[in-house]
2 protein chains.
Amino acid sequence: MQKPENHTQEACNASVQAVRDALYVLSGKWKLPLIISLTEGPLRFNQIQRSLEDITPKILSKELRELELNEFVTRKVYPTVPVTVTYELTPYSQSLNKVLEELRNWGLAHREKIKSSRHQNAKTEQPAEA
Amino acid sequence: MQKPENHTQEACNASVQAVRDALYVLSGKWKLPLIISLTEGPLRFNQIQRSLEDITPKILSKELRELELNEFVTRKVYPTVPVTVTYELTPYSQSLNKVLEELRNWGLAHREKIKSSRHQNAKTEQPAEA
DNA sequence: CATACTACTATCCTAAAGGATACCACTACC
DNA sequence: GGTAGTGGTATCCTTTAGGATAGTAGTATG
């Protein structure tokens, strides 16, 4: 076969690894909804839970901890009467903007494609025998 | 703060859904490695399996089927002596290029950040009491 | 006739993600 | 003293992703 000079096994592996790294920190059912729900400003634990409706405190707590570890959110504790804790996006979380935008654009386009190809199929599909 | 007029609950949800759609088709341990390994040209089933080393035929088969469903690869069967089947990327798979590039760039940058912040910590960390 | 090659499929199993439910410590209010 | 609100934990369970291992059908070659 050929010797792919600009497409070595190592270069591929590095790309794969980088993309996997990126997907890893965005993985899970709630990281993105969480980040997006915090784009409007800091929220308290229970506020987030109410805005996301279906998330349980255990999961929310875990996801917030992971987002904090990756420095996407900061946790701030205020010594108010019942203690209040807010979570807010860091400046670093802005670095995800382009990634998220591309993902969003692609997702929208893909959904459109799926829809239209389904219509296509509906027209050309053979009815199944009974 | 500002009144985020363009940031309604519904707009957020649409974004979240689009990004989730995108992540969904890229999810899993092998889709990306698979796509990248096919960028050099069509490969047969066993060739892919050998190039990826750790993937089992069951998983490979499943992932290829999903990539085919999403129209990232085409499966071609040749009636050769023992039948050969090749998998190759579709033109549509090119639509992922920008997404993959952004993910790759972000992944690389993030990895660098993690590394340097670990060094930072190593320098500023207090030694634990014995 | 046995082995090897093609491209897979079938069955079983493990580990991780996610979730339901209950509970904790603290205080304020009635 | 009971209830409600703060921000969570603890325990158990289900679902899913992924993998190990073996086997399949067909042909060709030794």
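Note on naming: letters A, B, ... go to the chains in the order of the sequence lines (proteins, then strands), and numbering restarts at 1 for each one. Note that this is a predicted model, so its numbers are computed, not measured.
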Undergrad: Can you find a pair of side-chain heavy atoms, one from Gln49(B) and one from Asn46(B), that are under 4.5 Å apart?
TA: yes
Undergrad: Between Arg104(A) and Glu101(A), is there a salt bridge with N-O shorter than 4.0 Å?
TA: no
Undergrad: Starting at atom CG of Leu64(B), determine the distance to atom P of dG18(D), rounded to an integer number of angstrom.
TA: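 Between P of dG18(D) and CG of Leu64(B): 14 Å.
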Undergrad: Do NZ/NE/NH1/NH2 and the carboxylate oxygens of Glu68(A) and Arg65(A) come within less than 4.0 Å?
TA: no
Undergrad: Need one value for Tyr87(B): base, sugar-phosphate or nothing, where a base atom within 4.0 Å counts as base even if backbone is also close, heavy atoms only.
TA: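 Result for Tyr87(B) = sugar-phosphate.
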Undergrad: Below 4.5 Å, heavy atoms only, C-beta onward: do Val83(A) and Tyr78(A) meet side chain to side chain?
TA: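 SC-SC contact between Val83(A) and Tyr78(A) ruled out.
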Undergrad: Any non-hydrogen side-chain atom of Leu34(B) less than 4.5 Å from a side-chain atom of Leu60(B)?
TA: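 Touching, per the 4.5 Å side-chain cut-off.
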Undergrad: Distance check needed: dA7(C) C1' versus Lys76(B) NZ, whole Å only.
TA: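 One finds 18 Å between C1' of dA7(C) and NZ of Lys76(B), rounded.
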Undergrad: For nucleotides 15-30 of chain C, read 5' to 3', which letter fits each nucleotide if B means a protein heavy atom sits under 4.0 Å from the base, S means only the sugar-phosphate is that close, and - means neither?
TA: ---BBB------SS--
Undergrad: How sharply is the helix from dC1(C)-dG30(D) to dC30(C)-dG1(D) bent, taking the axes over five pairs at either end and rounding to 10 degrees?
TA: 30°
Undergrad: dC8(C) C1' sits how many Å from Tyr78(B) OH, rounded?
TA: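 Rounding to the nearest Å, OH of Tyr78(B) and C1' of dC8(C) are 18 Å apart.
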Undergrad: I would like to know whether His110(A) and Tyr92(B) meet ring pair (Phe, Tyr, Trp, His ring centres under 6.0 Å); could you show each step before the answer?
TA: CA-CA 10 Å; His110(A) 187 63; Tyr92(B) 182 59; 5.8 Å; yes
Undergrad: Quick check on Lys113(A): does its NZ atom have over 12 non-hydrogen neighbours (other residues, nucleotides or ligands) under 6.0 Å away?
TA: yes
Undergrad: For residues Gln17(A) and Asp21(A), is any side-chain donor paired with an opposing acceptor at under 3.5 Å?
TA: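 Judged by distance alone, the side chains do pair up.
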Undergrad: May I have the distance from Leu60(B) (atom CG) to dT6(C) (atom P), rounded to whole angstrom?
TA: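 It is 14 Å, rounded to the nearest whole Å.
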